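Before any comments, here is the structure.
As the structure is a prediction and not an experimental result, all values here were calculated from the model.
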Amino acid sequence: MFGNIDVILLSNSYWLGEDVPCLTYGLRGVIHASIEISSSRPDLHSGVEGGAVSEPLIDMIKILASLVGDDGKVLIPDSLAPTVEITTGFYDKLRAVTPAEEKFYDPIIEWLESQKPSTPPSSPPSSSIWANALLNREKDLKRSLMARWRYPTLTVHKIDVSHNNNTIIPRRAQAAVSMRVVPDQEIRDIREQFEGHVQEVFGKLKTDNIITVNIRNTADWWLGDPDTEYFKAAEKVIEEEWGVKPLYIREGGSIPAVRWLERFFDAVAVHLPMGQASDQAHLNNERIRLRNLHAGRRIVKSLLRELSTRDGKRHANLHVITEGYIYIIDERI
């Protein structure tokens, strides 16, 4: 239906700041899971039954406390490892930082340093990136960027209980957990390690409750190659539009369709952010500045024209849409 596909162009992220454009070349994957611990008994009064029954919420807190250490490191081991001496698990297949990758952080840090206000802000910055920039912590700044973009994490989002009352022992507790995964972690491996670890910890508790672990949805990580002609072409037209080279960045979020589309079409993807950091992504009053919207349209048009004349020849199978819309359907999770 589509013919031969050379490149997949999408736009579903934001700049680091307000005035310098960016090109995104990597996204973390994600595993969304839920843990439910329940009792065969109904909700109980803590003044009547407290101390005599196994409490699901206490069991849940013990399980969640076993997932992440005091230093923020994920503590999930490989439950299939034959001995505890084998160092394997959540970080086992983590791709090392290369010198080429590390160079992408230098212009970002230089730009962040240039954005520091002459006087301290009246309130603490909301982002750890800006906090480290204000404190002249270059090493911490690079570490913060990598922690947000290229290292895996585990987050506990919430705990729900069957009865929300200060005197009640809830019969059920359910926690929402997500793990952000990166190259070269395998979704299947992390799923198995997570489920095995939770079941193992729960099995050691002296409890009458039961546990259920569900993997709700997953999305694989994506890592593009900034050295391809498609990224270079995007860099060229962005610089022509904005008068400055874009910063090459990665994103900590996940877009399930990207890597799937690359595999399905055997083509590379280029991620073109259009919005500013202040666009209130997924929050109340989300917006995009009209200047960015119109500039983004011109950039897409220029990029398609640039790619259509590669090697000095116009490619007959490339159709440039100058009026109307191009839709790429995806969901950020």
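- With contacts defined as side-chain heavy-atom distances shorter than 4.5 Å, the pair Tyr151/Leu94 qualifies.
- Considering CD1 of Ile210 and CG of Asp59, their distance stands at 11.5 Å, rounded to 0.5 Å.
- A distance-only check finds a donor-acceptor pair linking the side chain of Trp221 to the backbone of Gln185 [under 3.5 Å].
- In this structure, Asn166 places its CG atom where only 12 or fewer heavy-atom neighbours from other residues, nucleotides or ligands lie under 6.0 Å away.
- Heavy-atom contacts from other residues, nucleotides or ligands closer than 6.0 Å to CD of Glu110 number 12 or fewer.
- In this structure, a donor-acceptor pair under 3.5 Å is present between the side chains of Glu18 and Ser278.
- Between Arg41 and Glu49, none of the side-chain N atoms (NZ, or NE/NH1/NH2) sits under 4.0 Å from a carboxylate O, so this pair counts as no salt bridge.
- By the 4.5 Å heavy-atom criterion applied to side chains, Leu44 and Glu55 are not counted as neighbours.
- Taking a cutoff of 4.0 Å between a charged side-chain nitrogen and a carboxylate oxygen, Asp184 and Arg95 qualify as a salt bridge.
- Under a cut-off of 6.0 angstrom, the local environment of NZ in Lys232 is crowded, with over 12 non-hydrogen atoms contributed by other residues, nucleotides or ligands.
- Between Tyr248 and Phe231, the ring planes are tilted. Angles from 30° to 60° get that label.
- Residues Glu195 and Ile215 have side chains in contact (heavy-atom distance under 4.5 Å, counting atoms from C-beta outward).
- A donor-acceptor pair shorter than 3.5 Å can be found between the side chains of Glu36 and Gln174.
- At a threshold of 4.0 Å, the pair Arg143-Asp140 counts as salt-bridged, since one of the basic side-chain nitrogens sits closer than that to a carboxylate oxygen.
- A distance-only check finds a donor-acceptor pair linking the side chain of Asn165 to the backbone of Thr167 [under 3.5 Å].
- Summarising the geometry, atom CG belonging to Asn292 is positioned 7.0 Å from atom CG belonging to Asp279; distances are rounded to the nearest 0.5 Å.
- Looking only at side-chain heavy atoms (C-beta outward), Asp208 and Val53 stay at 4.5 Å or farther from each other.
- Counting only N and O atoms by type, the side chains of Ser162 and Asp43 include a donor and acceptor under 3.5 Å apart.
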